[in-house]
Amino acid sequence: MDEIPGIGDAHSMLSQPYHLYVERTDTTRNMARFYALSIDQTLFGEPCLTRRWGRIGRKGQSMVHHFEHEAQAVAFFLDVLKKKRVRGYRPAVRS
């Protein structure tokens, strides 16, 4: 099986934790949205990326994507993050 150097194969532990929570708020438009991304492992050791989104303070929706290799999940994670940053999502500021 071809492996990607530096990142674990499909049946090893993830090389590091991947979790992100960002928000987009605009009081003039009554907008208060969140977007959360995380990469975890299934019971079979395969990487999966979970996306959650919705209005801040609500349950929202979720979608899970399964991958053969951690590098594929990380690439998708970074692609989604880039798109959300363009749309105005930023790390949450808590007081």
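Given the structure is predicted, the values throughout are model-derived calculations rather than measurements.
- Taken from CZ in Arg55 to OG1 in Thr25, the straight-line distance is 10.5 Å, to the nearest 0.5 Å.
- Atoms NZ and CG, from Lys84 and Leu20 in turn, are 11.5 Å apart once rounded to the nearest 0.5 Å.
- With a 6.0 Å radius and a threshold of 12 heavy atoms from other residues, nucleotides or ligands, Arg87 has its CZ atom at or below the threshold.
- Hydrophobic clustering, with ILVMFWY side chains joined whenever heavy atoms are under 4.5 angstrom apart, keeps Val64 apart from Phe77.
- Counting heavy-atom neighbours within 6.0 Å of Arg52 CZ, excluding the residue itself, gives a total of 12 or less.
- Residues Met63 and Leu81 share a hydrophobic cluster, clusters being chains of Ile/Leu/Val/Met/Phe/Trp/Tyr side chains in contact below 4.5 Å.
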Please lay out, stage by stage, how Arg90 and Arg85 fare under the test side chain to side chain contact (heavy atoms under 4.5 Å, CB included).
CA-CA 7 Å; Arg90 299 290 180 255; Arg85 299 254 325 156; 3.7 Å; yes
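- Between Phe67 and Phe76, the ring planes lie tilted relative to each other; the angle falls in the 30° to 60° range.
- No single ILVMFWY cluster, assembled from side-chain heavy atoms under 4.5 Å apart, contains both Tyr21 and Trp53.
- Follow the hydrophobic side-chain contacts under 4.5 Å out from Ile39 and you reach Val22 in the same cluster.
- In this structure, Arg33 and Tyr89 have side chains that are in contact, with non-hydrogen atoms separated by less than 4.5 Å.
- Under a 3.5 Å cut-off, the side chain of Glu23 and the backbone N or O of Ile56 do not form any donor-acceptor pair.
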